[in-house]
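Worksheet: one structure, shown below.
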Amino acid sequence: MSDERKKAYQARFERVLDHIEAHLHAPLEVEQLANVAHFSRFHFQRQFADFTGVGVARYILLMRLKHASLQLAFQPQRRIIDIALEAGFENPESFTRAFRSAFGQSPSQFRRAPDWPSWHERFVFRIPERKVDVQVEITHVEPIRIALLAHRGPVNGLNATVAQFIAWRKASGLSPVERCRTFGLAWDNPDTTPPEQFRFGICGELEGDLSGNALGVVESLIPGGRCARVRHVGAHERLGDSIYPLYRQWLPESGEELRDFPLYFHYLNLLPDTPPGELLTDIYLPLK
């Protein structure tokens with residue numbers, strides 16, 4: 001198969017994955033998904049399994065359970081029965097069976113103490129890297145005072161650190177999510193950094209003065225200056241689809257030089273309030 005035909009074939013499956021992300025709470029039939037990709041319904045399921053490494057029904061179930069698990073972990077006020085029904089299950093019992101089978105914990109156990117490393121393992125697929133043409137804008141950023149909680153260690157433990165930052169944010173009132181922006185500082189690339197050395201900064205725009213706290217949240221600053229900005233649409237797990245073209249294609253051709261500050265993200269909306277297909281993230285690459 002020629003490179004052009006491979007790209008076209010991959011693009012058809014990417015449309016299917018995007019469609020699933022955008023319609024997690026709606027019926028998703030195999031024939032409908034085959035039509036999205038313009039594939040024969042008689043062969044689609046084998047083609048999908050070959051592309052992702054998992055069957056289409058299993059993939060849809062895992063994506064629905066993923067969104068439900070994030071609601072369990074980060075929206076403790078939501079009832080499990082409401083989460084189950086929204087995920088397409090007829091009753092809490094069928095939801096609990098599917099959840100325990102997928103993650104080894106019941107929904108209530110996961111809510112109390114999520115096993116994030118095991119959770120991450122369920123979402124390792126063999127989907128090829130997407131080829132994205134990024135739209136880059138040069139912009140000037142004003143300095144931003146932030147509250148920062150540093151994560152160090154395997155990326156599969158990052159959600160536990162996120163939960164700690166959310167708890168601090170709610171308790172302190174110094175970075176209310178309703179009016180303060182949310183950022184992530186990408187000190188390291190998880191694809192190339194040894195797991196135990198991976199670092200990531202979880203940040204919220206800061207109001208008032210930050211005092212000492214048990215969690216280790218500290219005051220920091222996103223410095224002002226020129227940045228290249230790219231808007232990523234879709235799941236946070238695919239941010240690399242927009243980051244790599246920025247480094248590989250745009251930067252060498254632009255003649256720009258990088259400033260001594262890491263790449264960072266501005267999360268314009270957040271899980272689990274926003275479906276993964278509707279997430280918007282601005283990626284900032286600091287320039288001299």
Side-chain angles (χ1 to χ4, degrees), residues 3 6-7 9-11 13-14 17-18 20-21 50-54 59 62-63 66 69-70 114-136 148-163 165 182-203 222 227-254 256-268 270-271 276-277 279-287:
D3 287 344
K6 286 181 181 178
K7 290 178 182 178
Y9 188 82
Q10 179 174 334
F13 275 110
E14 288 171 357
L17 300 182
D18 289 341
I20 291 171
E21 281 189 2
D50 182 66
F51 184 79
T52 64
V54 66
Y59 182 86
L62 285 172
M63 291 300 101
K66 182 179 186 178
S69 61
L70 293 172
D115 182 357
W116 289 118
S118 177
W119 181 88
H120 270 273
E121 292 175 1
R122 302 301 182 270
F123 304 106
V124 178
F125 307 112
R126 61 173 184 230
I127 300 170
E129 179 187 330
R130 295 191 178 200
K131 305 299 182 184
V132 177
D133 294 324
V134 296
Q135 302 297 315
V136 181
L148 182 152
L149 180 61
H151 170 84
R152 187 181 183 96
V155 71
N156 62 19
L158 182 58
N159 277 342
T161 309
V162 170
F165 185 76
T182 303
F183 299 94
L185 301 187
W187 286 312
D188 294 310
N189 179 353
D191 296 334
T192 58
T193 305
E196 66 280 3
Q197 297 178 20
F198 173 72
R199 299 167 304 155
F200 189 86
I202 304 152
C203 316
I222 295 177
C227 290
R229 179 172 62 193
V230 168
R231 177 156 297 179
H232 176 84
V233 180
H236 294 156
E237 291 82 357
R238 293 208 306 271
L239 280 166
D241 295 341
S242 297
I243 294 171
Y244 284 123
L246 187 60
Y247 280 102
R248 291 173 180 169
Q249 300 168 18
W250 179 83
L251 184 60
E253 296 172 0
S254 70
E256 295 282 356
E257 293 189 27
L258 299 181
R259 193 157 26 102
D260 190 22
F261 191 77
L263 177 106
Y264 64 95
F265 310 123
H266 173 202
Y267 303 106
L268 301 174
L270 297 167
L271 289 168
L279 289 170
L280 299 175
T281 307
D282 280 346
I283 301 167
Y284 286 85
L285 188 62
L287 305 173

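Only heavy atoms go into these numbers, but all of them, side chains included; no hydrogens, no water, no symmetry mates.
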Considering all heavy atoms of both residues, which atom of [X] and which atom of [Y] are nearest to each other, and what is their separation?
| X | Y | value |
| --- | --- | --- |
| Arg259 | Cys227 | NH2-SG, 3.6 Å |
| Val134 | Leu246 | CG2-N, 4.4 Å |
| Leu62 | Phe123 | O-CE2, 3.4 Å |
| Gly240 | Pro245 | O-CD, 4.0 Å |
| Val136 | Ala228 | CG1-CB, 3.8 Å |
| Ser242 | Val230 | CB-CG1, 4.2 Å |

Are [X] and [Y] packed together at the side-chain level, in the sense that at least one heavy-atom pair is separated by less than 4.5 angstrom?
| X | Y | answer |
| --- | --- | --- |
| Phe183 | Tyr284 | no |
| Arg231 | Leu268 | yes |
| Glu121 | Pro117 | no |
| His120 | Asn159 | yes |
| Gln197 | Asp188 | no |
| Glu237 | Lys66 | yes |
| Phe265 | Ile243 | yes |
| Leu158 | Trp116 | no |

Indicate whether any N or O donor in one side chain lies under 3.5 Å from an N or O acceptor in the other, for Asp191 and Tyr244.
-> yes
Do Glu253 and Gln249 have side-chain N/O donor and acceptor atoms under 3.5 Å apart?
no
Count the heavy atoms belonging to other residues, nucleotides or ligands that lie under 6.0 Å from CD of Glu196, then report whether that count exceeds 12.
yes
Does atom CD (Gln135) have a neighbourhood of more than 12 heavy atoms from anything else shown, all under 6.0 Å?
no
Exercise for the section: May I have the step-by-step check of side-chain contact (heavy atoms from CB on, under 4.5 Å) for Phe261 and Ile222, ending in yes or no? Expected result: CA-CA 9 Å; Phe261 191 77; Ile222 295 177; 4.2 Å; yes
- prompt: So, Asp18 and Arg238, do they make that salt bridge, N to O below 4.0 Å?
  reply: yes
How many angstroms lie between [atom1] in [X] and [atom2] in [Y], if you round to the nearest 0.5 Å?
| X | Y | atom1 | atom2 | answer |
| --- | --- | --- | --- | --- |
| Leu279 | Leu239 | CG | CG | 9.0 Å |
| Glu21 | Met63 | CD | CE | 7.5 Å |
| Leu280 | His266 | CG | NE2 | 10.5 Å |
| Phe165 | Ile202 | CZ | CD1 | 7.5 Å |
| Lys7 | Glu14 | NZ | CD | 11.5 Å |
| Leu263 | Tyr247 | CG | OH | 4.5 Å |

Item to complete: Ignoring hydrogens and angles, tell me if any N or O in the side chain of Arg126 forms a donor-acceptor pair with the backbone of Asp50 under 3.5 Å.
Response: yes
- request: Please state whether the rings of Phe198 and Phe200 are parallel, tilted or perpendicular, taking 30° and 60° as the class boundaries.
  value: parallel
Query raised in the report: Going through the distances and angles, do Trp187 and Thr193 end up as a side-chain contact (heavy atoms from CB on, under 4.5 Å)?
Result: CA-CA 10 Å; Trp187 286 312; Thr193 305; over 6 Å; no
